[in-house]
Amino acid sequence: MEHRQKIYLAIAFIAGVSLTLGFKDVYPDLDRRFRQYRRERTISLTDNTVKSATEKAIESSSDKILDGIEGCIGNTPLIRIRSLSDATGCEILAKAEFLNGAGNSPKDRVALSIIKAAEEEGHLTPHSGDMIYEGTVGSTGISLAAICRARGYLAHICMPDDQATEKSDLLLRLGAEVERVRPAPIVDQDQFVNKARNRALEHTVDPSKPGRGIFADQFENEANWQAHFNGTGPEIYDQTSGHLDAFVSGAGTGGTISGVALFLKPRIPDLKIILADPQGSGLFNKVKYGVMFDPKEREGTRRRHQVDTIVEGIGINRVTNNFEAGRELIDDAVRVTDEQAIAMARWLVEKDGIFVGSSSAANCVAAVQVAKQLGPRHRIVTILCDSGTRHLSKFWTKAGIIGGKDDVTMDEILSMYA
């Protein structure tokens with residue numbers, strides 16, 4: 001028995017050695033196979049997860065991808081101008097319309113609205129040679145030029161020859177035809193708006209020209225104020241949750257202030273709609289006193305151009321259909337001098353790093369005036385129309401170079417008069 005146990009132990013020992021030796025030979029292969037299996041399983045699971053996530057991302061992003069340059073128009077941010085808010089004790093907010101993606105101004109909304117309305121009425125056919133004609137001091141023309149190209153049309157822009165040259169330079173680079181004309185009153189057929197209307201008619205009746213000539217007519221075309229009624233107004237209401245005390249805006253065609261007022265006023269009955277008007281414009285007196293008159297227009301006098309100001313884009317000496325659409329909703333007007341606009345433009349750069357043009361600066365001056373009238377703890381919304389880069393050769397030449405230090409106080413800005 002003892003002998004048999006020794007034999008069993010010997011057999012077990014030999015088997016153990018053999019198994020150990022065998023496992024040592026087999027183990028690396030088993031380990032390699034096991035690790036490969038784990039890698040393949042991980043990759044498979046990851047691929048499935050990534051695929052699922054990608055499919056979900058594609059599905060959910062379909063409404064986030066914008067269709068062409070037109071998709072970049074509207075839904076601009078509403079920003080708090082910190083320096084003006086701190087200086088007044090009110091919350092002064094500005095609709096950053098210079099971030100519209102076609103022509104970088106609120107005129108993007110107007111141009112697209114006018115073109116779409118003309119298309120729906122059958123007056124425009126893409127790639128047919130149809131050309132849109134407009135008389136403008138710059139921004140509407142830039143927006144039309146860009147959107148026309150995107151939708152298969154050409155643009156012909158008539159503008160006064162005393163406007164900043166960078167505007168006409170940009171128009172040319174957007175493929176528009178540019179016709180600079182001498183400044184003239186609206187009764188003159190060579191005035192830039194009348195010139196554009198006549199050019200459109202000449203195109204249409206000329207058998208040698210393809211397509212038709214369409215006059216955009218931004219001053220009288222109701223698609224102008226409707227663009228702001230359908231876009232700018234609802235966006236401001238949504239961004240403020242309907243909590244605001246005043247809306248301040250200049251008026252050139254009148255579309256912005258009318259469209260926004262027509263949307264907001266019925267929803268916020270106590271809202272104050274305030275016109276910001278530059279020197280030389282008659283709209284201030286039209287709102288305040290019901291008479292379109294400016295002291296600079298004494299009988300027998302003739303000025304070089306219609307509105308005696310370096311502020312471009314706002315101010316006019318006639319009542320347009322677009323302004324008339326919302327005029328009864330305008331509660332008051334604030335006169336802004338050139339000196340105030342210049343000082344405000346410098347202030348916004350010095351205090352906030354905001355570089356805007358003349359009409360935006362005028363809007364901000366008026367917004368501060370309204371804040372002072374209302375008192376602290378009110379919310380005021382205004383418009384930042386376009387970048388100062390379009391005003392370098394005229395307005396910003398007057399404003400000068402920012403020297404790196406504060407050179408004016410808010411009280412000084414408000415007390416400036418021409």
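Just so it is clear, the structure is predicted and the values come from calculations on it, not from any experiment. In this chain, numbering begins with 1 at the start of the sequence shown.
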* Count the heavy atoms of every other residue, nucleotide or ligand shown that sit under 6.0 Å from NZ of Lys209, and state whether that count exceeds 12. => yes
* How long is the gap from CD1 on Ile132 to CD1 on Ile115, to the nearest 0.5 Å? -> 4.0 Å
* Check whether any side-chain heavy atom of Asp108 sits under 4.5 Å from a side-chain heavy atom of Leu112, and report yes or no. => no
* Where is the tightest heavy-atom contact between Arg390 and Lys167, given as atom of each residue plus distance? -> O-CE, 3.9 Å
* **Residues Glu202 and Arg199 bridged, charged N to O under 4.0 Å** => yes
Donor-acceptor contacts under 3.5 Å from residues 357-368 side chains, at least two apart:
residue: Ser358; atom: OG; partner: Glu312; partner atom: N; Å: 2.9
residue: Ser360; atom: OG; partner: Cys385; partner atom: N; Å: 2.6
residue: Asn363; atom: OD1; partner: Gly250; partner atom: N; Å: 2.9
residue: Asn363; atom: ND2; partner: Ile383; partner atom: O; Å: 3.0

* Asked: Given side chains that start at C-beta, do those of Asp270 and Asp245 come closer than 4.5 Å, heavy atoms only?
  -> no
* Asked: Judged by atom type as modelled, is there a donor-acceptor pair below 3.5 Å linking the side chain of Arg173 to the main-chain atoms of Asp169?
  -> yes
* Would you name the heavy atoms of Asn322 and Thr253 that are closest together and state the gap between them? => CB-O, 3.3 Å
* Are Arg151 and Glu70 close enough, and set up right, to give a salt bridge (charged side-chain N to carboxylate O under 4.0 Å, His left out), and what steps lead you there? -> CA-CA 9 Å; Arg151 298 181 79 88; Glu70 304 98 314; 2.9 Å; yes
* Structure fact -> Distance col, row Ile354:CD1 vs Ile79:CD1, nearest 0.5 angstrom, shows 4.5 Å
* Just checking, is any N or O donor in the side chain of Thr337 or Gln279 under 3.5 Å from an acceptor N or O on the other one? -> no
* Look at the side chain of Asp238 and the backbone N and O of Pro234, then say whether any donor-acceptor pair between them is shorter than 3.5 Å. => no
* Asked: So do the side chains of Met131 and Tyr153 get within less than 4.5 Å of each other, counting heavy atoms only?
  -> no
* Distance in Å, Asp86 CG paired with Lys351 NZ, rounded so as to fall on 0.5 Å steps -> 10.5 Å
* To do: Determine the interplanar angle of the Trp396 and Phe355 rings, folded into 0 to 90°, and report it as parallel if under 30°, tilted if 30 to 60°, perpendicular if over 60°.
  => tilted
* To do: Decide if atom CD of Gln373 counts as having more than 12 heavy atoms of other residues, nucleotides or ligands within a radius under 6.0 Å.
  => yes
* Asked: Run the side chain to side chain contact (heavy atoms under 4.5 Å, CB included) check on Val291 and Asn285 step by step: do they pass?
  -> CA-CA 6 Å; Val291 178; Asn285 286 306; 5.6 Å; no
* Atom NZ of Lys272 with >12 non-hydrogen neighbours under 6.0 angstrom -> no
* Asked: Yes or no on side chain to side chain contact (heavy atoms under 4.5 Å, CB included) for Leu283 and Met292, after CA distance, side-chain angles and deciding distance?
  -> CA-CA 6 Å; Leu283 295 180; Met292 182 64 95; 3.4 Å; yes
* Asked: Should Arg80 and Asp352 be marked as a salt bridge (charged side-chain N to carboxylate O under 4.0 Å, His left out) after you check the CA-CA gap, both sets of side-chain angles, and the distance that decides it?
  -> CA-CA 10 Å; Arg80 179 177 181 269; Asp352 300 277; over 6 Å; no
* **Among Lys288, Arg335, Lys286, salt bridge (Lys or Arg N to Asp or Glu O under 4.0 Å) partner for Asp277** => Arg335
* **Side chains of Phe98 and Ser105 in contact at under 4.5 Å (non-hydrogen atoms)** => no
* Measuring from Ile73:CD1 to Ser113:OG, what's the distance to the nearest 0.5 Å? -> 10.5 Å
* **Side-chain donor-acceptor contact under 3.5 Å, Gln218 with Asn221** => no
* To do: Please check if the side chain of Thr204 supplies one atom and the backbone of Gly213 the other of a donor-acceptor pair under 3.5 Å.
  => yes
* To do: Return yes if a side-chain donor-acceptor contact under 3.5 Å exists between Ser128 and Asp130, otherwise no.
  => yes
* Asked: Taking all non-hydrogen atoms of both residues, which atom of Trp347 and which atom of Ser83 are closest, and how far apart?
  -> NE1-OG, 2.9 Å
* To do: Would you mind reporting whether Leu171 and Met159 have side-chain heavy atoms less than 4.5 Å apart?
  => yes
* Asked: Is it true that a side-chain atom of Ser85 and a backbone atom of Ile92 form a donor plus acceptor pair closer than 3.5 Å?
  -> yes
* Considering all heavy atoms, the nearest Gly326-Ser258 contact -> N-OG, 3.1 Å
* Asked: Looking just at side-chain N and O atoms, do Ser168 and Arg180 make a donor-acceptor pair shorter than 3.5 Å?
  -> yes
* Structure fact -> Output for pair (Arg267 CZ, Lys265 NZ), nearest 0.5 Å, gives 13.5 Å
* Asked: Can Phe263 and Ile236 be said to form a side chain to side chain contact (heavy atoms under 4.5 Å, CB included), step by step?
  -> CA-CA 10 Å; Phe263 183 87; Ile236 291 172; over 6 Å; no
* Asked: Should the pair Lys195-Asp190 be classified as a salt bridge under the 4.0 Å nitrogen-to-oxygen rule?
  -> yes
* Can you see which heavy atom on Ala246 is nearest to which on Leu271, and at what distance? => N-CD1, 3.4 Å
* NZ of Lys372: more than 12 outside heavy atoms within 6.0 angstrom? -> yes
* Asked: Looking at His156, His203, Glu179, which one forms a side-chain hydrogen bond (donor to acceptor under 3.5 Å, both in side chains) with Tyr133?
  -> His203
* Asked: Are any non-hydrogen side-chain atoms of Asn100 and Thr76 less than 4.5 angstrom apart?
  -> yes
* To do: Decide side chain to side chain contact (heavy atoms under 4.5 Å, CB included) for Phe219 and Ile316; before the verdict, give the C-alpha distance in whole Å, the side-chain angles of both, and the deciding distance to 0.1 Å.
  => CA-CA 11 Å; Phe219 288 89; Ile316 194 172; 3.7 Å; yes
* From CA spacing to verdict: side-chain hydrogen bond (donor to acceptor under 3.5 Å, both in side chains), Glu324, Asn321 -> CA-CA 5 Å; Glu324 191 64 29; Asn321 282 343; over 6 Å; no
* Would you say the side-chain atoms of Arg379 pair up with the backbone N or O of His243, donor to acceptor, closer than 3.5 Å? -> yes
* Asked: Would you call Arg109 and Glu235 a salt bridge, using N to O less than 4.0 angstrom?
  -> yes
* Structure fact -> CG (Asp386) and CG (Leu99) are apart, to the nearest 0.5 Å, by 11.5 Å
* Asked: Just wondering, more than 12 heavy atoms not from Asp206 lying within 6.0 Å of its CG?
  -> yes
* Asked: Gly255 and Asn224: which non-hydrogen atoms are nearest, and at how many Å?
  -> CA-OD1, 3.2 Å
